[in-house]
Amino acid sequence: MKPLDIEVFQCRSDNYGVLVHDPETGLTAAIDAPEEQPILDAADRRGWTITHIFTTHHHTDHVEANLALKERYGLEITGPINEAVAIPGLDRTVGDGDEFLFGDHPVRIIETPGHTAGHICYHFPEDKLLFAADTLFALGCGRLLERSAQDMWHSLQKLAALRDETAVYFGHEYTLTNARFALSIDPDNVRLQARARDIETARAEGRFTIPTTIAIEKETNPFLRVNDPAIRRNLLMENRTSEEVFAEIRKRKDNF
Ligand SMILES: [Fe+2]
């Protein structure tokens with residue numbers, strides 16, 4: 001099985017567009033459809049014809065180009081069963097644990113309620129790829145717009161359980177702000193300090209911070225580190241539950 005080819009590009013102000021291409025079958029999936037023109041440009045640049053959209057959740061900045069791309073390519077749109085009514089042009093619904101093939105590449109759906117009620121992530125276990133959209137960001141996680149902190153905490157645990165080397169593609173370039181916030185929660189974490197320096201440089205040079213990995217996030221992302229003793233000490237929450245510590249960190253980020 002040849003490795004999948006991935007093209008990442010900016011859409012709107014801070015969304016990432018992602019195309020996943022299977023060189024063996026010629027299939028190409030857009031992970032969400034934030035904005036038509038940058039997606040068309042990316043496909044043209046690579047000489048790919050888009051055959052699928054894999055929708056993660058119903059927010060406009062993830063589905064806005066669904067119908068335009070469908071009209072142009074006649075492609076198939078897959079999306080979360082629990083948000084089906086809100087996703088334009090949906091052809092196929094999927095839910096937690098569902099599996100299908102993209103060419104010969106297995107894809108598994110991980111439902112991650114929190115940011116929205118029905119948000120899903122697309123996991124390619126054999127390729128060690130995760131498309132996490134607005135659930136897990138580099139050094140951050142999505143805002144809790146439709147579900148509780150407890151729900152999001154459990155969703156993030158599912159992602160943290162994936163193999164360390166899994167490459168994580170996320171939905172927004174929020175990494176610089178996330179790094180500054182992470183340092184306010186976990187200031188003595190040497191790996192975080194080094195990563196934050198790299199991110200300051202990367203963003204100053206206009207470079208993307210995508211993808212990250214599960215291992216890197218477990219070492220540096222405060223939302224995955226709520227059981228770290230130093231973080232709990234800093235928050236004066238040494239005897240609280242994981243969900244309570246997570247909720248506190250999320251609240252602080254909302255006000256950062
Ligand atoms: Fe969103």
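In listed order, ligands and their atoms are each counted from 1. If you're wondering where the values come from, they're calculated on a predicted model, not measured in any experiment.
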Next on the checklist: Under a 3.5 Å threshold, yes or no: a donor from one side chain and an acceptor from the other, between His57 and Glu146?
Outcome noted: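 Result is no, nothing qualifies.
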Checklist entry - the Fe ion (ligand 1) to His57: any N/O/S contact under 2.8 Å? => result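 Checking His57: at least one N, O or S atom is under 2.8 Å.
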Item to check | 2.8 Å cut-off met by an N, O or S atom of His62 to the Fe ion (ligand 1) | outcome: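 Looking at His62, which is the residue asked about, there is no N, O or S atom under 2.8 Å from the Fe ion (ligand 1).
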Name whichever N, O or S atom of [X] ends up nearest to the Fe ion (ligand 1).
X: His115; value: NE2
X: His59; value: ND1
X: Asp134; value: OD2

Checklist entry - Would you call Arg250 and Asp254 a salt bridge, using N to O less than 4.0 angstrom? => result yes
Checklist entry - Going hydrophobic residue to hydrophobic residue with side-chain gaps under 4.5 angstrom, can you get from Val18 over to Phe137? => result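 Yes: a chain of side-chain contacts under 4.5 Å links Val18 to Phe137.
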Next on the checklist: Suppose we call two aromatic rings close when their centres sit under 6.0 Å apart. Are Tyr122 and Phe102 close by that rule?
Outcome noted: no
Next on the checklist: Against Arg197, only a single residue in Gln193, Arg195, Glu200 fulfils side chain to side chain contact (heavy atoms under 4.5 Å, CB included); can you say which?
Outcome noted: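 That would be Gln193; it is the only one of Gln193, Arg195, Glu200 passing the side chain to side chain contact (heavy atoms under 4.5 Å, CB included) with Arg197.
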